[in-house]
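Below: one structure, written as structure tokens.
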Amino acid sequence: MGTPISPEEIGTAEKTTVYAEEMMGKLNINTATAEELVRLSGIGEKRAADIVTYRERNGDFSCIEDIMKISGIGEKTFEKIKEEITVGE
């Protein structure tokens, strides 16, 4: 087995994973704030707010393609941002 870790250490590991993804240039659409989401091409303040609201009501996106469930985000927008986003896989 391994050495048990505390809840605090689990939080640190999660933050490290998120930080590593950010360093690779990918934005986690399950954890990003509206302010972070507007940095994506084609995502304005309204769409960013819609993404946050969707997550609050439905839970995390399971794959990056799920972002197209947001009204106004279709295939063209998805094609522009797909290399910039992650769901924390």
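Formation of a donor-acceptor pair under 3.5 Å by the Glu84 side chain with backbone atoms of Ile81 is not found in this model. The backbone N or O of Leu27 lies less than 3.5 Å from no partner atom in the side chain of Arg39, so there is not a single donor-acceptor pair. In terms of modelled atom types and a separation under 3.5 Å, the side chain of Arg55 and the main chain of Ile29 share a donor-acceptor contact.
At least one side-chain heavy atom of Ile43 sits under 4.5 Å from a side-chain heavy atom of Ile73.
In this structure, the separation between CD1 on Ile85 and CG on Asp66 is 10.0 Å, given to the nearest 0.5 Å.
Nearest heavy atom pair, residue Val87 against residue Ser62, reads CG2-O, 3.7 Å. When every heavy atom of Thr77 is checked against every heavy atom of Gly42, the shortest pair comes out as CG2-O, 4.4 Å. Heavy atoms only, all atoms of each residue included: Thr86 and Lys26 are closest at CG2-CB, 4.1 Å. Residues Ala48 and Ala34 share a closest heavy-atom pair of CB-O, 3.5 Å. Closest of all the heavy-atom pairs between Ser41 and Lys80 is OG-CD, 3.7 Å.
For the pairing with Ile51, the side chain to side chain contact (heavy atoms under 4.5 Å, CB included) check across Val38, Ile67, Asn30, Leu40 returns one residue only, Ile67.
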Would Phe78 and Ile64 count as a side-chain contact (heavy atoms from CB on, under 4.5 Å) here? Give the steps.
CA-CA 9 Å; Phe78 177 72; Ile64 61 173; 3.9 Å; yes
Evaluate the criterion side-chain contact (heavy atoms from CB on, under 4.5 Å) for residue pair Ile70 and Phe61; output intermediate values, then yes/no.
CA-CA 11 Å; Ile70 307 300; Phe61 296 100; 4.2 Å; yes
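Summarising the local packing, CD of Glu65 is surrounded by more than 12 heavy atoms from other residues, nucleotides or ligands at distances under 6.0 Å.
The side-chain hydrogen bond (donor to acceptor under 3.5 Å, both in side chains) search around Glu79 returns Lys82, not counting sequence neighbours.
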